[in-house]
Amino acid sequence: MQPTHPPGACEVCPAHHPANLKRLGVNMDRYDFVVALAGNPNTGKSTLFNSLTGLRQHTGNWPGKTVTRAEGGFAYQGSHYKLVDLPGTYSLLSTSSDEEIARDFILFGQPDVTVIVVDATRLERNLNLVCQVLEITGRAVVCLNLMDEAERHRLTVDQRSLARELGVPVVPAAARQGRGVPLLIDMIHQVATGSFVCKPHRIQSEPPALKRAVSLLVEKLGAAFPDLPNARWVALRLLEGDARIEEAVRSGELAGLVGATEGAGTAAPAERAG
Amino acid sequence: MNPANTREEVLEAAANLRWEVGPDLHDSLMEALYTDAARISDRVLSRDDARPAFDLDRTIDRLVTSRWLGFPIMMLLMAVVLWVTITGANVPSSLLSSLFLETLHPALKQAAASAGLAWWLDGLLIDGMFLAMAWVVSVMLPPMAIFFPLFTLLEDFGYLPRVAFNLDRWFKKAGAHGKQALTMAMGYGCNAAGVVATRVIDSPRERLIATLTNNFSLCNGRWPTQILIATIFIGSLAPPVLAGLVSAGAVMAVVLLGVGCTFLVSWGLSRTLLRGEASAFSLELPPYRPPRILQTIYTSLIDRTLIVLWRAVVFSVPAGAAIWLVSNIHVGGTSLAEHLIQGMDPFGLLIGLNGVILLAYIIAIPANEIVIPTVLMLTVVSAGLSGVGEGAGVMFEFDSASATLGVLEAGGWTLLTGINLMLFSLLHNPCSTTLYTIWKETGSVKWTAASALLPIAMGIVVCFCVAQAFRWLGG
């Protein structure tokens, strides 16, 4: 399932040189970009987190190990990244506490890139979460993890079609073996710096009445919060009566997010206070 | 235009539109999500339909979650892990203790003597603090270095969620959350870690139950006590060939009693103070993964073993100082330790223990692993044995179990004392680290106090009843 390259392409590809990656552990005095790790439980987020940061978050083969937000750092091609490992969730729509941590961070924490870790052997269920995240933020990379197990179960994923459908980069990986990690880092870098521009998939199959209500509300939101990047998602949450989002609208907290998750590259100040 | 007004307008519009889209918004949104996800996955996923005749994952699952075999397999795995830990830890333990006690300790004493250190400073530093640390390292390091990697290998393989699956029915009957099986399993390594792990439980009520009952999982600081006492008091009742098996069986019985207490107390709490129904949850049974053996051993050594060991050392040093002080500060001709032991003896004997054990448990609140050495040292002090051990306030260990038995019998110990010490080691307050963790996690002094007082009250009652029964039967 490795992408085919023209001969010699590997040698010039920046991802080819592992020396480009510098694991920073918990040293995050300064960072240029924030990267969130989201995904279903037990898809290998913590394993990926460990291999990127050199930290040793507890990992194990059962869903729900990660109970808090873990943070670590790495540097790649001169940019410093802060990586945030979020608790695994199946959805962002209900109100359990770990889902709230994950959702609030993706929405209010304004990560520059959200890496959605996906279990390749349970693709359909994992795509539910991918679609939800892509409603909130367009700046995402899908890490198609556990490819080794997919191969064991004789599953093949056409990652190019998947990337086209989702509108964001898709990187096949087997994080336990370290497979695909260099390419993933490079895609994170490309999305963070804006050299890859995402065109995220948006939910298409909603009933007409809902579609109409959403577009009306998006219009209203546009007046109150010009340039809100995820107005559609906010409208959906408001229609459902999500108290946290209503509060963010009322207090104007939502306005602070404008521009932060919008347009690739523009939202990356050279340095942020740690 | 006032921005606050525009924002209110948005909310108003949302409230109005909510009536138009109807009450099934959530459902239709979910449906849309599922439709999209299914469409995409259909398009990009292809599977080789030539299914292999034999599906290993399914076969293993059918065995380990089977109605008949599930529990026996669970207990067998636990017993194997215990047995490997007990037998495997013997040799490195005695090597370490001979290094610390026979080589390093005399060398330090000599160095202190030639440096002209005051006797009390030398005693406090070397006999108190150094020996406490030495004991903890030599007794704890080998079993932990075996137990944790074995446990982590099972975890990495994917067995833990199956345990949760097997026990779920029982936890539900007890009114507790099925994921409590996972936190309970973590508790066998360290109760403080188990308490932190209760965060996987969403409902505050069920999380409190899991927190309060985590102490009923024997933590690794208590394994050495169980193993030693089982060996010298219970294993010795059996013929030598069977001694190892019988003592492992006795430890296993205490473990199962702990599991029983977990269910009983969970059930009691969910009927009284923490009333409520068990909430439903879904726990995915992940695929089995071949464990990465070398990596697991490395990380569980570095991350779990050394961290837990370091914490134990940090707590044991002041405890060592305390032991040395109570045995060397004299009030009216006898040491403080003797006063305290005599004061607690009547109550201790009533519940089939003795004053030494109670004092040891008070001194050892910071770390369970120093209970046995403290008991031995205090026994020598109080029984006035001469020519045994290393002197007042000096923690030590005997090379053979029979020498230990000799000292304990001279201190008035019987089979009842041994059995009750094993029970009391299961049923007493958690160590101070765990209590601190409980306080941090619950943010409540009340629940922290409850989690300390509940098990200790149970321990006293259970020990009292066993003592009465034992005496009545003429044991």
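Side-chain atoms are counted along with the backbone in the values below, which use heavy atoms only and exclude waters and symmetry mates. As the structure is a computational prediction, the values presented were derived from the model and not from experiment. Chain letters run A, B, ... following the sequence lines, proteins first, then strands; residues in each count from 1.
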Indicate yes or no for a side-chain donor-acceptor contact from A/S161 to the backbone of B/V44 under 3.5 Å, with no hydrogens or angles considered. no
Within a strict 4.5 Å, meaning less than it, do heavy atoms of the [X] and [Y] side chains meet?
X: A/R176; Y: B/D156; result: yes
X: A/L239; Y: B/L17; result: yes
X: B/T6; Y: A/K220; result: no
X: A/R250; Y: B/E8; result: yes
X: B/L11; Y: A/E246; result: yes
X: B/R39; Y: A/E165; result: yes

Using a 6.0 Å cut-off, check whether atom [atom1] of [X] has over 12 heavy atoms from anything other than its own residue.
X: B/Y436; atom1: OH; answer: no
X: B/L63; atom1: CG; answer: yes
X: B/R62; atom1: CZ; answer: no
X: B/W447; atom1: CH2; answer: yes

Euclidean distance, B/Y288 OH relative to A/R152 CZ, rounded to 0.5 Å: 11.5 Å
At what distance, to the nearest 0.5 angstrom, does CD of A/E240 lie from CG of B/L29? 6.0 Å
Given the options A/E135, A/R164, A/Q132, which has more heavy-atom pairs under 4.5 Å with chain B than any of the others? A/Q132
Only pairs of heavy atoms separated by less than 4.5 Å count here; which of A/H201, A/E206, A/H153 has the most with chain B?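 Highest number of heavy-atom pairs under 4.5 Å: A/H201.
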Working note: A/L146 + B/R289, criterion side chain to side chain contact (heavy atoms under 4.5 Å, CB included); need CA distance, chi angles, decisive distance, verdict. CA-CA 10 Å; A/L146 303 172; B/R289 289 170 190 157; 3.5 Å; yes
Is B/D57 in contact with chain A via its backbone, its side chain, both, or neither, using a 4.5 Å heavy-atom distance?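 Just its side chain gets close to chain A.
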Side chain, backbone, both or neither: which part of B/R43 has an atom under 4.5 Å from a heavy atom of chain A? side chain
Minimum heavy-atom distance between [X] and [Y], given as atom pair plus value:
X: B/A14; Y: A/L217; answer: N-CD1, 3.7 Å
X: B/D36; Y: A/I203; answer: OD2-CA, 3.3 Å
X: B/R7; Y: A/V249; answer: CD-O, 2.8 Å
X: B/P287; Y: A/R122; answer: CD-NH2, 4.2 Å

Give, as side chain, backbone, both or neither, the part of [X] having an atom under 4.5 angstrom from any heavy atom of chain B.
X: A/L166; result: side chain
X: A/E149; result: side chain
X: A/T121; result: neither
X: A/Q177; result: neither

Ranking B/P291, B/S28, B/A15 by heavy-atom pairs under 4.5 Å to chain A gives rank one to B/S28
